[in-house]
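Notes to accompany the following structure.
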Protein chains: 2
Amino acid sequence: MKYSASKEDHLKAIFHLQSEQGVVTTNALAEALQTRPASVTDMLKKLKEQKLLLYERYKGFRLNNEGKKVALQIIRKHRLWEYFLVKKLQFGWDEVHEMAEELEHISSKKLVERLDAFLGFPETDPHGDPIPDSQGRFTSPRQLSLAQLPLNKVAEVSGISRQTTEMLELLQHKKIGLGTKLEVRRKFPFDNSLEIKIRNYPPVTISSLVAKNVLVKDEE
Amino acid sequence: MKYSASKEDHLKAIFHLQSEQGVVTTNALAEALQTRPASVTDMLKKLKEQKLLLYERYKGFRLNNEGKKVALQIIRKHRLWEYFLVKKLQFGWDEVHEMAEELEHISSKKLVERLDAFLGFPETDPHGDPIPDSQGRFTSPRQLSLAQLPLNKVAEVSGISRQTTEMLELLQHKKIGLGTKLEVRRKFPFDNSLEIKIRNYPPVTISSLVAKNVLVKDEE
DNA sequence: ATTTAATTTTAGACAAATCTAAAATTTAAA
DNA sequence: TTTAAATTTTAGATTTGTCTAAAATTAAAT
Ligand SMILES: [Mn+2]
Ligand SMILES: [Mn+2]
Ligand SMILES: [Mn+2]
Ligand SMILES: [Mn+2]
C-alpha cells in the first residue's frame, strides 16, 4: 500500500506513456525517466511482482487496474501541489514542476484531501491538466493539440502536455500561456511548422514538436 | 549541499539531544531515532566524513557549525509545515508531527521562503517551539518546564518539548494544551509527580516525565 | 585491582535502486 | 531468408542505509 518514490515515478511515467500509445516500451520509459533501460527492466520485475503491471519479457508492458489507481493518486497529488504553489505561494507556472515532483510523494491521504478542500477543489492544474478526484476519476476536457487545430480558427490555450522547463521557457518567450487566444495562419508541410497569430502581436513560428504539445480548447 | 532524508533526521536528532546535554551518545541517538546503535555508528562516520560532526570513536559526538546550520534549516522547515497544517489545513496540533517529518525533507529553499511569507512569518509552531529564521537564528523564548515552576504560581503552557503522539494524547486527556493556564499545587518527592490545578477543573496528577516536557511561560 | 556489566564499534550480511557490459531476442534490411 | 541492427534482458558490480552477532573499549561493582 506504500511505494517508494522511485516506484511511484515509474508508475506515473508508464501511465502517461500508455495514454498515448496502448503499450509501453522499455526504451521509451527509460528516456522519460532519464534512466537506463537495464534499470527499467529491474523495476518492471518488481512492479509485476507487486501486481501493479502486466508484463512479459520482450513484449512490452502496461499498468493493470491497481497500477492505474496508484498512478492516478500520484498525479492527483502532483497537480494539487502545483496548484497550491502557483495560487497560494505565487510561483510562476513554469517553475513548479520540480517541487511538485517531490511533494507528490508525501504519503498522508488525509493531507491530500485537506489540501484539495483548502484549494477549493480545483479541476485543473496550472498547466491546464485535469486533477483526478479522490477516486481517480477526472473529466477529460475535450481539448485538441495546436497541430490539429484548423486554419484561421480562434482557440484558447488550455494545456501543455509535456511541460519541461525548456519547453515552458520557449512558450513564455513566444508569449504563449494558459488562456492565450490564438489562431493558426499557415502550415508548412516541409517541417510541419506553424505560423501562429496572437492578437496584438506579430505572427510567430513554432515547431511541430511544440505544436503537438500545446493543447487548445475551441471557442464555442 | 544536499543530504538524504535519513542524514537530515540524524542531524536534527543530534541537534535536539545536544541542546539538553552537551555531548551525545550512540545509544541515546539510536533510541531517539528508533534504530540500532550499530546503524548510528555507521551514520556517524558518514557525517564526520562530510564534515558536519565532531566525532571520535568511543568518545561521544556533537555537531560542528555546519552541522548545526543544516539541522536548523530542517527544524525551520518542520515547524513551518506544522504551522501550515494547523493554521491552513485545519489539522489538530497533535496530528501534524508525522506529516511534517516527511515535508521537512522537501528541498527547495525558495519554497520554504515563500511558505514562510504566505504564513505571515510565524514565530512559533503549533507546539510553541520557536521557528528559526532563514539564517537559522531564533529568539529563544524564556520558558521553563513545569517541573521547575514554583508552587502556586499561575503560568501558561507555551510549549511541549517532546511531542510523541502518546504524550500529546495524554495531555489532551488531562485537558492540558497550548495556552492552558495552570498552577502546581503539590510536589510529591517520592516520584516527583505533581498535582496540577487548572481553573474550573478538579486537580489532576502528572508524572515527572510529563512535567519535564511541558513548558510554561510566567504570567508577568 | 579484578571482575562484571554496559556501551560502542567492527565484521559481515542484506535489500533497494542504480549502473556497465555482455548476451538474448526481436525487428528491419539486404 | 540470411544478415545486420535495434531493443531488451541478464550477469555482475556499486552505493546507501540498515541489521545481527561478535569483538573492543569504557564504566561500574565487587
Ligand atoms: Mn516524483
Ligand atoms: Mn502540471
Ligand atoms: Mn524527517
Ligand atoms: Mn512541533
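What you are looking at is a predicted structure, and each value in this text was computed from that prediction instead of being measured. Proteins get letters first, then strands, A, B, ... in listed order; numbering begins at 1 in each.
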So if I apply the side-chain hydrogen bond (donor to acceptor under 3.5 Å, both in side chains) rule between His78(B) and each of His97(B), Glu102(B), His105(B), which one comes out positive?
His97(B)
Quickly work out the [X] [atom1] to [N] [atom2] distance and round it to whole Å.
X	N	atom1	atom2	result
Asp42(B)	dA11(C)	CG	C1'	11 Å
Lys45(A)	dA15(C)	NZ	C1'	15 Å
Tyr58(A)	dT27(C)	OH	P	11 Å
Glu49(A)	dA15(C)	CD	P	13 Å
Leu29(B)	dT18(D)	CG	C1'	14 Å
Asp9(A)	dA16(C)	CG	P	18 Å
Leu33(B)	dG17(D)	CG	C1'	13 Å

What nucleotide, of [options], holds the atom closest to the side chain of [X]?
X	options	answer
Asn27(A)	dT9(C), dT7(D), dT18(D)	dT7(D)
Thr26(B)	dT18(C), dT20(C), dT8(C)	dT8(C)
Pro37(A)	dT9(C), dT20(C), dT9(D)	dT9(D)

Report yes or no: is the cationic atom of Lys46(B) (NZ for Lys, CZ for Arg) under 6.0 Å from the centre of the six-membered ring of Tyr3(B), at an angle within 45° of the ring normal?
no
Cationic tip of Lys110(B) within the cone over Phe91(A)'s six-membered ring, i.e. under 6.0 Å and within 45° of the normal?
no
Lys109(B) with Glu113(B): basic N within carboxylate O range, under 4.0 Å:
yes
So, do Phe84(A) and Phe84(B) have ring centers that fall under 6.0 Å from each other?
yes
What's [X] touching, base or sugar-phosphate or nothing? Going by heavy atoms closer than 4.0 Å.
X	answer
Thr41(A)	base
Tyr55(B)	sugar-phosphate
Ser39(B)	base
Lys7(A)	sugar-phosphate
Lys59(B)	nothing

